[in-house]
Amino acid sequence: MHLVIIGNGITGVTAAITARRLSPEARITLLGAESAHHYSRPALMYLYLGHLRYPDVKPYEDWFWPENRLELVHAEATSVDTAARSVQLATGQLLAYDCLLLATGSVVRTAGWPGQQLHGVQGFYGLPDLESMSRATHGIRHAVVVGGGLIGVELAEMLHSRGIRVTWLVREQRYWQSVLPPEESALLAAHILRNGIDFRLATELSEVLGDAQGRVRAVVTSTGQELPAEWVGLAIGVQPNLALARAAGLETDRGILVNEVLATSAPGVYAAGDCAQHRQPAPGEAAVEQLWYTGRMQGETVAHTLCGQPTPYRRGHWFNSAKFFQLEYQTYGRVPAQPEADIASFCWQHPSGKLLRINFRQSDNVVTGMNVLGLRQRQDTWERWLREKAPVGTVLAQLAAANFDAEFSRQHEPAIRREFSRQFPAIILASPRRKGLFGAQ
Ligand SMILES: Cc1cc2nc3c(=O)[nH]c(=O)nc-3n(C[C@H](O)[C@H](O)[C@H](O)COP(=O)(O)OP(=O)(O)OC[C@H]3O[C@@H](n4cnc5c(N)ncnc54)[C@H](O)[C@@H]3O)c2cc1C
């Protein structure tokens, strides 16, 4: 069996390593256009910040690949012939496959702004983007970031770390309003402003202005203001990279359409990670998942199917984490931006800028999700509470079991419980000392 994997991101690499474990005899080829070896994409910002060097963001030593008989090819796949089962490479080489996995990731989205092609205007997705950003921002004084998601905040922090004055334009009325409830948005907006960013909500980019050399010199906002900018970072999101799949005639929508075992519309061809779109996502789950850990899970799942053990993809409870200028954010389960029917939302805030939110069903008090800002919680404990449908009273009584930070439990847990009793006086909390059904570690 020759398994060819296009894309050496977390999805492709996890699939390759899992397939090697499951099929010691299989020939496995891993193609990557961007870099010879796999690196951690979420760690890119730390290279710019100077906290890490390139070898530090490669999770595997270079000897790992030949040692495990994983054939790496640093080249772009330019087309796929699904009838002949072959992949054409830019180098001229033609690779025959028995099974093919498309793990081609995402590409940066743009909005067709006038001037977006000027030198010094770019998105931020991979190593080439990091290199051009490092060159173009050397010694500059003003930069503009456009778009309010997680890559936007990374760009703002990266630029700010080099003493560059950053103006950050966000179209929405409040920060990350499609994802966060209002209290979290407000806390983060205040935190970003406190960190010295000229943060402008309800403001869009209208146009990028250039100088005589074709370099960006300013932007014009939707409020008609002209702002100086020697560099502009476009961070309005990413979209699945469909180029190869479309050209090969695979069924696509927003992503490459896959069934529950991540098979595409062509026999022997699978897709996973950022580029895939589930035809029938489970209720409440996203059809396109563009996250590191879901890429890893999809890569592991699809490898089982590729190795003759058909396995449906089940993500389990939602989890995500991020950092906003040192302020940690974690979310587990379902915490939508707007309240849902039958869901109560308890929110505790500390004046120092910490927040804990717990959502639970009003009908039976079962916890359905939580957000924290400025506090660190244990993923395994929250997974278990969500899986075992723990009641909110038990979770609050056992909150210490979930925290990473002893200081947090000492200082804040009694206050959190007091605040809960104030907001929900009808719900009786179990004693914090007694080990409850869900509390034992
Ligand atoms: C700056 C940044 C920070 C992020 N931070 C986080 C985070 O903190 N937490 C989180 O959960 N997620 C984060 N993400 C998202 C996360 O990195 C992605 O969800 C994840 O990398 C997707 O993995 P993937 O393997 O599916 O795709 P990718 O990582 O995009 O890998 C796909 C690879 O396929 C290659 N490829 C594409 N087409 C071809 C071709 N034709 N031939 C050969 N090779 C090809 C590409 O060059 C690319 O290297 C971040 C993303 C970015 C850009």
Side-chain angles (χ1 to χ4, degrees), residues 147-150 152-154 156-157 168-197 199-203 284 317-362 365-379 382 385-386 390 392-393 395-396 399 402-405 407-409 411-427 429:
L150 294 179
V153 72
E154 286 193 2
E157 184 171 351
W168 184 7
L169 309 181
V170 173
R171 184 181 59 184
E172 287 73 29
Q173 303 294 320
R174 61 178 181 81
Y175 182 61
W176 217 15
Q177 70 179 34
S178 60
V179 174
L180 297 177
E183 290 82 357
E184 284 84 330
S185 289
L187 191 158
L188 283 171
H191 180 69
I192 291 160
L193 283 167
R194 255 198 317 276
N195 275 275
I197 303 298
F199 182 56
R200 303 189 185 196
L201 289 165
T203 311
H317 290 288
W318 177 254
F319 157 68
N320 200 6
S321 66
K323 256 190 189 173
F324 301 85
F325 285 91
Q326 274 73 53
L327 187 71
E328 292 197 50
Y329 158 70
Q330 289 173 295
T331 184
Y332 299 104
R334 276 188 68 69
V335 188
Q338 307 296 336
E340 293 174 307
D342 188 36
I343 298 295
S345 198
F346 162 64
C347 183
W348 167 87
Q349 289 195 66
H350 190 266
S352 65
K354 293 173 181 168
L355 178 149
L356 172 107
R357 177 185 300 280
I358 300 179
N359 282 5
F360 58 97
R361 279 201 302 258
Q362 282 167 323
N365 290 347
V366 163
V367 165
T368 54
M370 79 89 170
N371 281 347
V372 277
L373 283 164
L375 305 168
R376 290 183 74 195
Q377 297 280 288
R378 288 182 186 278
Q379 184 177 356
W382 274 98
W385 281 336
L386 290 165
V392 66
V395 166
L396 280 163
L399 211 49
N403 90 74
F404 249 88
D405 179 357
E407 191 188 45
F408 154 52
S409 74
Q411 293 185 348
H412 300 308
E413 283 176 10
I416 290 170
R417 279 190 281 269
R418 274 198 305 277
E419 179 59 16
F420 183 86
S421 296
R422 195 186 67 76
Q423 291 182 28
F424 298 95
I427 299 176
L429 298 183

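Note: hydrogens, waters and symmetry copies are ignored here, and every other heavy atom, side chains too, is used. Bear in mind the structure is a predicted one, so any value in this text is a computation, not a measurement.
Taking R200 as the reference, D198, Q225 meet the side chain to side chain donor-acceptor pair (under 3.5 Å) condition, with sequence neighbours excluded. Checked against side-chain contact (heavy atoms from CB on, under 4.5 Å), Q173 has the following partners two or more places apart in sequence or in another chain: Q177, A202. Scored by the side chain to side chain donor-acceptor pair (under 3.5 Å) test, W168 finds no partners at all (sequence neighbours excluded). For Y332, the side chain to side chain donor-acceptor pair (under 3.5 Å) criterion is met by Q330, not counting sequence neighbours. In this structure, the salt bridge (Lys or Arg N to Asp or Glu O under 4.0 Å) partners of E419, at least two apart in sequence or on a different chain, are R422. With sequence neighbours excluded, the residues forming a side-chain contact (heavy atoms from CB on, under 4.5 Å) with E157 are M45, F325, Q326, listed by chain and number. E172 pairs by the salt bridge (Lys or Arg N to Asp or Glu O under 4.0 Å) definition with nothing, not counting sequence neighbours. R334 meets the salt bridge (Lys or Arg N to Asp or Glu O under 4.0 Å) test with E340; sequence neighbours excluded. Not counting sequence neighbours, the partners of S352 by the side chain to side chain donor-acceptor pair (under 3.5 Å) test are H350. With sequence neighbours left out, the side-chain contact (heavy atoms from CB on, under 4.5 Å) criterion links A186 to no other residue. Residues passing the side-chain contact (heavy atoms from CB on, under 4.5 Å) test with A415 are W348, R418, sequence neighbours excluded. E184 pairs by the salt bridge (Lys or Arg N to Asp or Glu O under 4.0 Å) definition with R357, not counting sequence neighbours.
Here the closest non-hydrogen pair linking L396 and R417 is O-NH1, 2.6 Å. Closest approach of V170 and G148 over heavy atoms only: CG2-CA, 3.7 Å. Nearest approach of L327 to L373, heavy atoms of both residues: CD2-CD2, 4.2 Å. Among all heavy-atom pairs drawn from P182 and A337, the shortest one is CD-O, 4.0 Å. Residues S421 and L429 share a closest heavy-atom pair of OG-CD1, 3.9 Å. The two residues S345 and N359 have their closest heavy-atom pair at OG-OD1, 2.6 Å.
A donor-acceptor contact shorter than 3.5 Å is absent between the side chain of S185 and the backbone of E183. Remark: side-chain polar atoms of R361 are not paired, donor with acceptor, to backbone N or O of D342 under 3.5 angstrom. Checked by atom type and distance alone, the side chain of H191 never pairs as donor or acceptor with a backbone atom of G353 at under 3.5 Å.
Taking SG of C347 as the start and CE of M370 as the end, the distance is 12.5 Å to the nearest 0.5 Å. We find the CH2-OG1 distance between W385 and T368 to be 14.0 Å, quoted to the nearest 0.5 Å. Interatomic distance, CG of N320 versus OH of Y329, reported as 6.0 Å (0.5 Å rounding). Distance check, rounded to the nearest 0.5 Å: CD of Q379 to CG of L386 gives 10.5 Å. The CD1 atom of I358 sits 6.0 Å away from the CG atom of L399 when rounded to the nearest 0.5 Å. Taken to the nearest 0.5 Å, the CG atom of L188 stands 6.0 Å off from the CG atom of L180.
Looking only at side-chain heavy atoms (C-beta outward), Y175 and V153 come within less than 4.5 Å of each other. Contact annotation: the side chain of V335 never approaches that of W318 to less than 4.5 Å [non-hydrogen atoms, C-beta and beyond]. Residues L375 and N403 fail the side-chain proximity criterion, which asks for heavy atoms closer than 4.5 Å.
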What's the verdict on side chain to side chain contact (heavy atoms under 4.5 Å, CB included) for V395 and F360, showing C-alpha distance, side-chain angles and the deciding distance?
CA-CA 11 Å; V395 166; F360 58 97; over 6 Å; no

Taking it one step at a time, do F324 and N195 satisfy side chain to side chain contact (heavy atoms under 4.5 Å, CB included)?
CA-CA 10 Å; F324 301 85; N195 275 275; over 6 Å; no

